[in-house]
Amino acid sequence: MARSLDGLVLAPVADQAPGQVGTRTRFAYREEDGVVWAEYAGGDVVRGHLVGTREGDRLDFRYVQLKHDGTTSSGHCVSTVTELPDGRVRLEETWRWESQRGSGTSVVEQIPAHGH
């Protein structure tokens, strides 16, 4: 199993559609006893939260976010946790909005501690 997400900061490797998370969005993850949660912000997102569970290398969580235009939205995501060759964590995500139409896939990767 890939290592704990606790204390890691991750960012998308590519921009999603306008108004969604993008490469400027930062996810600050916490993990404890099979529970995962994170706060995120950046780009079009003023503030977002996610909460869910981890079993092995599978995350299952729901997310809710506030955008700069004042709208809120929520959805469900299932992610697979993998480790990159350099030891950083990568999440391969499949998500679907529940408050609006739309679904897709995305990849987020751990930001190295020295900030690149």
Ignoring hydrogens, what is the shortest heavy-atom contact between [X] and [Y]? Give both atom names and the distance.
X: Thr25; Y: Tyr40; answer: CG2-CD1, 3.9 Å
X: Val89; Y: Leu8; answer: CG2-CD1, 3.8 Å
X: Leu5; Y: Val81; answer: CD2-CG1, 4.3 Å

- Residues clustering with Leu66 (ILVMFWY side chains joined when closer than 4.5 Å, directly or via others): Val46
- Query: Tracing side-chain links under 4.5 Å among I, L, V, M, F, W and Y, which residues wind up in one group with Val35?
  - Reply: Trp37, Val51
Quick one: list whatever passes side-chain hydrogen bond (donor to acceptor under 3.5 Å, both in side chains) with [X], sequence neighbours left out.
X: Glu83; answer: none
X: Asp33; answer: none
X: Thr71; answer: Asp69

Tell me every residue that passes salt bridge (charged side-chain N to carboxylate O under 4.0 Å, His left out) with [X], counting only those two or more places apart in sequence or in another chain.
X: Arg3; result: none
X: Arg26; result: none
X: Arg62; result: Glu98

- Query: Shared ILVMFWY cluster between Leu59 and Val64, side chains joined below 4.5 angstrom?
  - Reply: no
Contacts of [X] that satisfy side-chain contact (heavy atoms from CB on, under 4.5 Å) - sequence neighbours left out:
X: Thr82; result: Thr80, Arg90, Glu92
X: Asp6; result: Ser4, Arg30, Glu31
X: Arg88; result: Leu84, Asp86, Glu109, Gln110, Pro112

Which value, rounded to the nearest 0.5 Å, describes the distance between [X] atom [atom1] and [Y] atom [atom2]?
X: His76; Y: Thr94; atom1: NE2; atom2: OG1; answer: 10.5 Å
X: Tyr63; Y: Ser74; atom1: OH; atom2: OG; answer: 8.0 Å
X: Gln65; Y: Trp97; atom1: CD; atom2: CH2; answer: 4.0 Å
X: Leu50; Y: Phe27; atom1: CG; atom2: CZ; answer: 7.0 Å
X: Asp60; Y: Arg54; atom1: CG; atom2: CZ; answer: 13.0 Å

- With sequence neighbours excluded, tell me which residues meet ring-ring contact (aromatic ring centres under 6.0 Å, His included) with Tyr29. none
